[in-house]
Structure formats: structure tokens, C-alpha cells
Amino acid sequence: MNEKIIRLSILIPCYNAEKYIGECLDSLYNQDIPESEYEIICVNDCSSDGTRNIIVKYQNKHKNLILIDNKENKGQAETRNVALKASKGEFIWFNDDDDFVEKNCFKMLLNIVENENLDILKFGVQRYKTENGKVELTPFNTYCYSDEKEIVSGPEYLATQKNGFADSVWNKIFRRKLLIDNEIYFPDMPYYEDIIFSLESNFHSERIKNLFQDLYYYRTNLESQINKPFSTINYYCQITLCAYLLNFSKQIKDKFPELAKLIKDDTLEYNLDFSMKEIPYFNFAQRKKIVTALLPHLPEIIESNYFSGIKKFYFVHFNLANGFLYALSPCFIFFRKLNIFFKKFVKQTKKVVKRIIKR
């Protein structure tokens, strides 16, 4: 690539995406600015299929495509960090390897963020689903909450959120300097890492704007981890997220008391309450970490009005309850697995019986 200023870096963590990575890259090259003005960084996270070979074929045709190979599987969060550290663009756009973007949207987006000196520009998302050869598109508006209005600061923007602080990163363009100067990177978590990244980047932004145009297409991929049924690790990460949000609330309490209360209340009422159902099934290592994470926040959790009955008993008698669960969790886990086994066995048996009857 020449020495011309790179306006935009597209960062893509890639793992076993041979079905979709071609469509993703095609959309990024079906654009209205010269390839010399943007770069695409694909970080291959030890894919075991043909993902890397496909990227190499595109790289042979396009000088602005950079391929980085992780020596070991790092997961999506750290893989995004690898891409971010390697980027050179003035602005950053995180894409997923099975999604794609609107045709000829780069020029418009970059003109807006540059002319209005934005730190973050947010836009709409369409959920993309194919079934029986038919394409179904539905608005994914949960990722673009506030009304389209004048440019606001990060704290002002966060104060307008009505549906919690769940947010992703692929519906935004970030000023790279904002991320680097504030050392904003993805935490090492398999789930919800983008919520933390988005919250920190929003908070530190001075100029945020919403653009109500659908420019990103999020593929409903049943093979993707995010579309699989919730497991214990989801709930464990949810509690880890709660501890982070409560810490964040305390850090900003003096300067932004109303926002701090909003984050704390939302965390206790929704996030923590939601994850409580899986408490008995955490293994020893997970339980040890969540005890350490939640211990500093016990007083405000107990004093809140969001927990009653067995949930409140758990927090009031935190050490006793966890000591009890340390011993019994293996039993809970065993009987859950046994229950799942028998359900599958019964289901398979019914199928076999039906086949026999038909014969």
C-alpha cells in the first residue's frame, strides 16, 4: 500500500467461516472509495476449514487486504484486539466474518464522521436470514436506541438508553484515537465482551451521533455460538459482566451520579437477576471467581429491592451459601447431565418405536 492516509480500517476476526467469508469480503470491496483509502485486516484464529485459503485468494487481488495468523486459538475478543493493534486507519469498523455491509456506503459514512468530527457514528442493522432459498430481513433496532438528533457526549448518550446497556460493536464506526488514547480493548471473555467495549468507548466519547440507515447485515447463523442455547458459561460471563458494570458505576459515581445509578439499577434488576438461575451449576473454578467478583458489591445488592426469597438469602448468607454449593454443585451438574441423557434417550426411543410400527 502507498503512503496515502488510511481513512478506515475494517477489522474481521475469522474462524471457520468458509461458507460466508467470501460474501463478507465482496461487500467490503463493492464500495465507493479507492482501495488505497481503507484497509481490511483479517485475523485468522486457527481456522480448521478453508477460511484462510479463501482470504489468501482475495489478498492476491487486493493490496489493501492484510492477513494475520494467530499462532494459537485466542477467541473473538483477543483476536479483535490483535486486529485493532495492527490497524492504521483514522476510523475503525468491526465486522464479523459471516456478516456483510451495504453497497457503496463507505463514502457517506466517512464524510459524516470526518465533516462532523465524530468519535462514534452509529447506524441501523438488519437481521439477515435465509430459509428454503428465501431471504428474510428484519430490523435489528435494539442496537440503535436513541433518537436521531444533535451530536451528544458519551455520558449524555448513555443516559438516554431505555433498553439497558447491551450493545455490540459492528453497528458503529469508532475514531481509532479514542480507543488507543483511552486504552479501550476487548476483555478476555467468550461472551458480552462487546458490551464492555461499547460502554467504555461510549463513555469516553465527546461526540456521538446516530444515523438511522440500515448499513450492516447481521446473519442469523445457527452454527454461530451466539445463536446456540445458553449454557453455564453464558451465565458465568453474565455475572462477570455484572461485577464489571457495578465497578464502573462506582468509578463514575462522583462525577456522573445519575448515570452511575442508572447503570447500577439496570445491572441488578436485569443482568444479575437473569444469571441467578444458574448459580447451583457453577463449577469450583467459576464459583471461586464470581465470589471474588461479587464480594465487594454485596451491601448494595442486599440493600436493593430487586431480590427476594432464595435469591436474597443467597446474597445475605453469601459465604455460607457458596460453601454449601461448593460441595453440592458436582451433584447438581451430574443430575442435570443425567436428565439430559434420559430426555435424549426417550426421544430416540420414540423415534425407533415409530419406525417399527410403520413397518
Side-chain angles (χ1 to χ4, degrees), residues 8-31 38-59 62 65-70 73-84 87 92-103 105-106 123-144 166-173 186 189-195 197-198 214-231 233-234:
L8 178 65
S9 294
I10 310 290
L11 310 184
I12 312 174
C14 302
Y15 180 72
N16 288 356
E18 64 179 4
K19 290 182 180 179
Y20 307 113
I21 188 63
E23 185 176 4
C24 173
L25 291 173
D26 284 339
S27 74
L28 298 174
Y29 283 114
N30 198 359
Q31 294 298 328
Y38 68 102
E39 64 179 1
I40 300 173
I41 301 179
C42 293
V43 183
N44 176 38
D45 195 24
C46 300
S47 297
S48 58
D49 63 0
T51 298
R52 188 183 190 281
N53 294 334
I54 295 171
I55 296 172
V56 169
K57 288 180 181 179
Y58 278 83
Q59 192 177 35
H62 302 280
L65 177 54
I66 299 166
L67 172 61
I68 300 173
D69 288 302
N70 286 341
N73 184 268
K74 295 178 180 291
Q76 182 168 261
E78 184 53 35
T79 299
R80 280 175 171 165
N81 289 337
V82 170
L84 177 56
S87 65
I92 300 292
W93 189 357
F94 295 98
N95 280 209
D96 281 353
D97 55 11
D98 55 353
D99 298 337
F100 56 96
V101 306
E102 183 64 44
K103 176 182 177 182
C105 67
F106 284 8
F123 38 84
V125 176
Q126 287 279 338
R127 187 191 293 271
Y128 180 90
K129 181 180 179 181
T130 55
E131 190 170 353
N132 298 324
K134 296 182 179 180
V135 174
E136 180 182 334
L137 292 174
T138 53
F140 209 173
N141 291 330
T142 53
Y143 289 94
C144 207
D167 207 352
S168 194
V169 294
W170 23 252
N171 65 326
K172 308 174 185 67
I173 286 185
F186 293 90
M189 294 169 59
Y191 300 102
Y192 313 122
E193 77 287 348
D194 46 355
I195 295 177
F197 186 95
S198 293
D214 296 329
L215 303 176
Y216 190 89
Y217 295 87
Y218 168 81
R219 188 187 301 275
T220 302
N221 176 11
L222 296 178
E223 298 175 8
S224 173
Q225 283 295 326
I226 196 170
N227 289 308
K228 291 181 179 179
F230 265 33
S231 63
I233 191 66
N234 292 86

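Residue indices begin at 1 and follow the sequence shown.
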Q | Any side-chain donor near an acceptor of the partner, N70 and T79, under 3.5 Å | A |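 Distance-only check passes for N70 and T79.
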
Using modelled atom types only, decide if a donor and an acceptor are shared between the side chain of [X] and the backbone of [Y] within a distance under 3.5 Å.
X: Q31; Y: F106; answer: yes
X: D45; Y: G75; answer: yes
X: E23; Y: D98; answer: no

Any residue meeting side chain to side chain donor-acceptor pair (under 3.5 Å) with [X], in chain and number order, not counting sequence neighbours:
X: S27; result: none
X: Y217; result: E102
X: E18; result: none
X: S198; result: none

Q) Sequence neighbours excluded, which residues qualify as ring pair (Phe, Tyr, Trp, His ring centres under 6.0 Å) partners of F197? A) F94, F174, F186

Would you say the side chain of [Y] lies within less than 4.5 Å of the side chain of [X], judging by non-hydrogen atoms?
X: I41; Y: S87; answer: yes
X: I40; Y: Y29; answer: yes
X: Q76; Y: P13; answer: yes

Q. Can you check side-chain contact (heavy atoms from CB on, under 4.5 Å) on V125 and W170, steps first, answer last?
A. CA-CA 9 Å; V125 176; W170 23 252; 3.9 Å; yes

Minimum heavy-atom separation for [X] to [Y], with atom names?
X: S48; Y: N16; value: N-OD1, 2.6 Å
X: A17; Y: T51; value: N-OG1, 2.6 Å
X: K172; Y: F123; value: N-CZ, 3.6 Å
X: Q59; Y: L67; value: NE2-N, 3.5 Å
X: L65; Y: I55; value: CD2-O, 3.5 Å

Separation between [atom1] of [X] and [atom2] of [Y], rounded to the nearest 0.5 Å:
X: C42; Y: R52; atom1: SG; atom2: CZ; answer: 11.0 Å
X: M189; Y: D194; atom1: CE; atom2: CG; answer: 9.0 Å
X: L25; Y: C14; atom1: CG; atom2: SG; answer: 7.0 Å
X: C105; Y: I173; atom1: SG; atom2: CD1; answer: 7.5 Å

Q) Should the pair D96-R80 be classified as a salt bridge under the 4.0 Å nitrogen-to-oxygen rule? A) yes

(Q) Below 30° counts as parallel, above 60° as perpendicular, anything between as tilted: where do the rings of F100 and Y128 land? (A)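 Aromatic pair F100/Y128 classed perpendicular.
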
Q: With sequence neighbours excluded, tell me which residues meet side-chain contact (heavy atoms from CB on, under 4.5 Å) with I195.
A: A166, Y192, L241

Q: Under the side-chain contact (heavy atoms from CB on, under 4.5 Å) rule, collect the residues that match up with N95, sequence neighbours excluded.
A: I10, I12, L28, W93, V101, Y216

Q.
Can you list everything that forms a salt bridge (Lys or Arg N to Asp or Glu O under 4.0 Å) with D97? Sequence neighbours excluded, please.
A.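 Result, salt bridge (Lys or Arg N to Asp or Glu O under 4.0 Å) vs D97: none returned.
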
**Q.** Residues which pass salt bridge (Lys or Arg N to Asp or Glu O under 4.0 Å) with D49, listed by chain and number, not counting sequence neighbours
**A.** none

Q. Between R127 and D214, is a side-chain contact (heavy atoms from CB on, under 4.5 Å) present by the stated rule, with each step listed?
A. CA-CA 10 Å; R127 187 191 293 271; D214 296 329; over 6 Å; no

